[in-house]
Amino acid sequence: MNTLSGQNNLVFTPREVDFFAQDELITIVPNFSILTPRRTFECIMGEFGPFQPNRECQVPLWMALALWKRKKCTIKAPEWMRPEFLQTVLELERSEPGNFQPLPFHYQEIAQFLFTAGTQESLPKEVFGDEEARVRDLVNLIQKTRQTKILQGLSLLQEAAAVKLNNLSAMELNNVRAFFTGALDEFTRHATMKDQAIVQAVGTTQEPPLTPQEEARPARQLRRTTNNN
């Protein structure tokens with residue numbers, strides 16, 4: 001759920017962005033069933049399930065952690081967090097300076113959640129196994145590479161024009177939003193002042209308007225001459 005994508009004029013704290021990310025879906029494997037007709041949970045944001053032993057389903061991050069802490073499920077690593085996929089993304093980010101690879105809108109928060117939530121109960125080890133350290137390193141390198149590209153793009157911003165940065169994540173977008181809105185406002189202000197100065201300069205070169213006396217003066221008639229020859 002791209003909660004932040006429509007909030008173009010707001011800048012959030014990292015804690016607020018992380019809060020929005022808690023509604024992102026992740027796959028779990030429950031070890032229980034519930035006695036409802038559809039074997040699902042109904043929440044404000046939707047219906048989740050069905051919950052049946054050894055049957056995968058998707059739930060929000062906050063629900064996955066709550067169930068996992070009660071030993072009611074295991075959490076599966078997202079497909080995009082496989083080391084092979086992350087390695088490919090990193091190589092493409094480095095080889096294509098003008099493009100950002102598509103990743104989940106809250107990829108940074110999801111990764112941080114899986115790396116840090118339930119550390120005392122060894123959640124990261126359970127989710128990633130022996131690949132935990134490699135996945136951490138790859139995600140970190142991807143974040144740093146994308147941040148460098150964003151800063152390079154901002155350094156090329158020289159006039160008020162449409163600025164296009166596709167596939168930015170929630171945290172990346174939030175970090176640059178304040179700069180963009182401020183910078184583009186300044187560009188617009190300077191462009192307006194420049195246009196006004198040009199209009200004023202052109203106005204001073206035009207002939208002054210006629211006075212009321214000059215406007216009331218009858219137009220001079222041209223005398224017609226005849227040739228007597």
Side-chain angles (χ1 to χ4, degrees), residues 1-26 61 75-119 123-125 127-191:
M1 294 186 179
N2 295 358
T3 312
L4 301 183
S5 59
Q7 307 293 335
N8 294 327
N9 297 322
L10 299 178
V11 177
F12 299 91
T13 66
R15 186 181 294 273
E16 289 172 324
V17 177
D18 184 70
F19 175 78
F20 292 130
Q22 295 297 308
D23 287 337
E24 291 293 301
L25 299 180
I26 195 168
L61 286 174
I75 299 177
K76 297 193 65 175
E79 285 296 313
W80 62 269
M81 293 192 75
R82 291 184 293 105
E84 299 78 11
F85 181 83
L86 291 174
Q87 184 65 48
T88 300
V89 170
L90 178 60
E91 293 172 359
L92 290 173
E93 292 286 0
R94 288 172 169 173
S95 62
E96 300 180 7
N99 295 319
F100 293 85
Q101 300 306 308
L103 286 168
F105 188 60
H106 286 285
Y107 86 92
Q108 290 173 285
E109 299 92 307
I110 295 173
Q112 183 69 10
F113 173 87
L114 294 175
F115 292 149
T116 60
T119 52
L123 174 61
K125 189 69 175 179
V127 174
F128 301 107
D130 295 336
E131 299 284 3
E132 177 190 351
R134 185 184 177 197
V135 172
R136 283 178 181 267
D137 289 341
L138 287 170
V139 170
N140 186 48
L141 289 172
I142 289 172
Q143 291 178 357
K144 290 182 177 179
T145 302
R146 289 167 67 97
Q147 183 65 26
T148 299
K149 292 164 66 172
I150 291 172
L151 294 176
Q152 290 173 346
L154 295 181
S155 68
L156 300 176
L157 190 62
Q158 296 182 359
E159 61 181 17
V163 180
K164 190 174 182 180
L165 291 175
N166 288 338
N167 299 322
L168 291 190
S169 71
M171 193 68 75
E172 293 164 346
L173 183 62
N174 194 60
N175 288 339
V176 301
R177 180 181 280 117
F179 174 85
F180 268 127
T181 55
L184 293 179
D185 285 346
E186 283 298 308
F187 284 141
T188 302
R189 187 174 67 85
H190 285 296

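Please read all numbers here as calculations on a predicted model, not as lab measurements.
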Drop me the distance from [X]'s [atom1] to [Y]'s [atom2], to the nearest 0.5 angstrom.
{"X": "Leu173", "Y": "Asn167", "atom1": "CG", "atom2": "CG", "value": "11.5 Å"}
{"X": "Thr145", "Y": "Asn140", "atom1": "OG1", "atom2": "CG", "value": "9.0 Å"}
{"X": "Gln143", "Y": "Leu141", "atom1": "CD", "atom2": "CG", "value": "9.5 Å"}
{"X": "Gln101", "Y": "Glu96", "atom1": "CD", "atom2": "CD", "value": "5.0 Å"}

Can you find a pair of side-chain heavy atoms, one from [X] and one from [Y], that are under 4.5 Å apart?
{"X": "Val139", "Y": "Leu86", "value": "yes"}
{"X": "Met171", "Y": "Tyr107", "value": "no"}
{"X": "Phe128", "Y": "Met81", "value": "yes"}
{"X": "Val127", "Y": "Pro124", "value": "no"}
{"X": "Val135", "Y": "Leu114", "value": "no"}

**Report entry** Set of residues satisfying side chain to side chain contact (heavy atoms under 4.5 Å, CB included) with respect to Arg134, sequence neighbours excluded
**Finding:** Pro83, Gln87, Glu131, Leu138
Requested in this report: Specify the closest pair of heavy atoms between Phe100 and Asn166, including all atoms of both residues, with the distance to one decimal.
Outcome: CB-O, 3.3 Å
Query raised in the report: Which heavy-atom pair separates Ser169 from Pro104 by the least distance, and what is that distance?
Result: CB-O, 4.4 Å
Report task. Please identify each residue that fulfils salt bridge (charged side-chain N to carboxylate O under 4.0 Å, His left out) with Glu93, with sequence neighbours left out. Result -> Arg146, Lys149
Query - Set of salt bridge (charged side-chain N to carboxylate O under 4.0 Å, His left out) partners for Arg82, sequence neighbours left out - result: Glu79, Glu84
**Report entry** Main-chain N/O of Ala21 paired with Glu24 side-chain donor or acceptor, under 3.5 Å
**Finding:** no
Query raised in the report: Of the options Phe115, Phe105, Trp80, which is the one that meets Ile110 in a side-chain contact (heavy atoms from CB on, under 4.5 Å)?
Result: Trp80
Requested in this report: Please step through side chain to side chain contact (heavy atoms under 4.5 Å, CB included) for the pair Asp18 and Gln112, ending with a clear verdict.
Outcome: CA-CA 9 Å; Asp18 184 70; Gln112 183 69 10; 5.5 Å; no
Query raised in the report: Between Phe12 and Phe19, does the ring centroid distance fall short of 6.0 Å?
Result: no
